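Report on the following structure.
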Number of protein chains: 2
Amino acid sequence: MYKEKDEHIGIYTSHTIKAIIRFLTTELKQFDITPEQWIVLKRLAANDGITQKELAVLADKDRPSITRILDILEQKELARKEKHHTDRRSFSVFITPRGIELKNQLLPFLEDVYEDRILKDITDEELEVYRRVLEKMNRNIEGV
Amino acid sequence: MYKEKDEHIGIYTSHTIKAIIRFLTTELKQFDITPEQWIVLKRLAANDGITQKELAVLADKDRPSITRILDILEQKELARKEKHHTDRRSFSVFITPRGIELKNQLLPFLEDVYEDRILKDITDEELEVYRRVLEKMNRNIEGV
DNA sequence: CTAAAATAGTTTCTATACTAACTATATACT
DNA sequence: AGTATATAGTTAGTATAGAAACTATTTTAG
């Protein structure tokens, strides 16, 4: 573990994440939603009525991505946009009843997918170290 | 660490990887290459003359992605394709002198980027656990 | 040996990220 | 007040992943 960190950490992390996203995409197909759309819906459910910009920050998306993903969520009638009352540049975004219903299904579903499948046989101690490494990497490259 | 694994593991991992890829993209800009193109060039350097299909497997890309990325590497004169001698459906892919030169620069450069910056202040013990968690997650979702 | 199936690679389509340019509106400066 | 700057959101262009359809060739089966 002392050498070739590009290979053993960088490229292997990249491989694993792609596999997880592929796995989640497959699991979520039955709900007709992608993992990225899910993150936006989840943030929206917890912060109903916020602006696109605020939603972008919370969902870790840039503004073009939020525009695109909200278009899709609107098509699927999971979210809707209203003109902001005081700032005519902005939109307020709301989750629909259908969106709430889906969120209520997906929250426990995804907890189970992680608990029982993706993270099976991984101890809490290992997960704590794993999470700490992520935090350190984030801090190391912060502001870039 | 016992609950909300979708949030604390899934979404946070996704955030971190995006930040790392953004960081690497910025670092590699001076070499006019992206992280994904780098993986392909690296595998090609270690396996000169293999077919696109073999390269796709080694670089963890699907066939359309390899087609696209090789187009770019050819444009940049880092790789070239030749018709396969015995199987006329295939191409053999070769790295160019320019590609070799770039690889010789990037291999140590990226080792340093990981060692000195991305993984700064992360112990070998932590990295071993981190890598083990990745391996377990990979095994858990294998074949999906 | 010929027809069917498999394989290598490309192209097209959808979804995503990111940059840059653009429109419309709001805020700040003088 | 009027101009300059900043902000919210959209659109367009490049790079990537993945699915599906397609072409050309090879392999397999009968």
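We name chains A, B, ... by the order of the sequence lines, and we start the count at 1 in each one. Heavy-atom basis, side chains included; hydrogens, waters and symmetry copies ignored. These numbers were taken from a predicted model, which means no experiment stands behind them.
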What is the distance, rounded to the nearest whole Å, between atom [atom1] of [X] and atom [atom2] of [N]?
X      : N       : atom1 : atom2 : value
I20(B) : dC18(C) : CD1   : C1'   : 17 Å
Q52(B) : dT25(D) : CD    : C1'   : 15 Å
E36(B) : dC18(C) : CD    : C1'   : 14 Å
I17(A) : dG18(D) : CD1   : P     : 13 Å
R89(A) : dT25(C) : CZ    : P     : 10 Å
L41(A) : dT16(C) : CG    : P     : 13 Å
L28(A) : dT16(C) : CG    : P     : 12 Å
E54(B) : dA8(C)  : CD    : C1'   : 11 Å

Of residues 55-68 of chain A, the positions that come close to DNA chain C - non-hydrogen atoms, cut-off under 4.0 Å:
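Correct list: K61(A), D62(A), P64(A), S65(A), R68(A).
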
Residues from residues 75-87 of chain B lying under 4.0 Å of DNA chain C - heavy atoms:
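Output list: K81(B).
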
Sugar-phosphate, base or nothing in reach of I21(A), heavy atoms under 4.0 Å:
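Nothing, no nucleic acid heavy atom in range.
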
So does D60(A) get a backbone contact from the side chain of K18(B), meaning a donor-acceptor N/O pair under 3.5 Å?
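Confirmed, K18(B) side chain pairs with D60(A) backbone.
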
Just N and O in the side chain of [X]: are any of them under 4.0 Å from OP1 or OP2 of [N]?
X      : N       : answer
T25(A) : dG18(D) : no
R88(B) : dA24(D) : no
K53(A) : dG9(D)  : no

State plainly whether the residues [X] and [Y] are in salt-bridge range, i.e. N to O under 4.0 Å.
X       : Y       : value
R80(A)  : E82(A)  : yes
E27(A)  : R117(A) : yes
E126(B) : R132(A) : yes
R139(A) : D121(B) : no

Evaluate T25(A) against R22(A) for side chain to side chain donor-acceptor pair (under 3.5 Å), listing each step before the verdict.
CA-CA 5 Å; T25(A) 300; R22(A) 224 170 9 240; over 6 Å; no

Would you indicate whether K120(B), at its atom NZ, is surrounded by more than 12 heavy atoms from other residues, nucleotides or ligands within a distance under 6.0 Å?
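Atom NZ in K120(B) is not crowded, with 12 or fewer foreign heavy atoms closer than 6.0 Å.
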
Counting only heavy atoms not in E135(A), do more than 12 fall under 6.0 Å of its CD?
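Count over threshold, so yes.
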
Taking for each residue the nucleotide of DNA chain C bearing the nearest heavy atom, is the 5' side occupied by I69(A) or by D71(B)?
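The residue whose closest nucleotide sits nearer the 5' end is D71(B).
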
Where does the angle between the aromatic ring planes of Y130(A) and Y130(B) fall among parallel (under 30°), tilted (30 to 60°) and perpendicular (over 60°)?
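Plane angle under 30°, so parallel.
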
Shortest side-chain distance from R22(A), nucleotide among dG18(D), dT26(D), dA24(C):
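From the listed options, dG18(D) comes nearest.
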
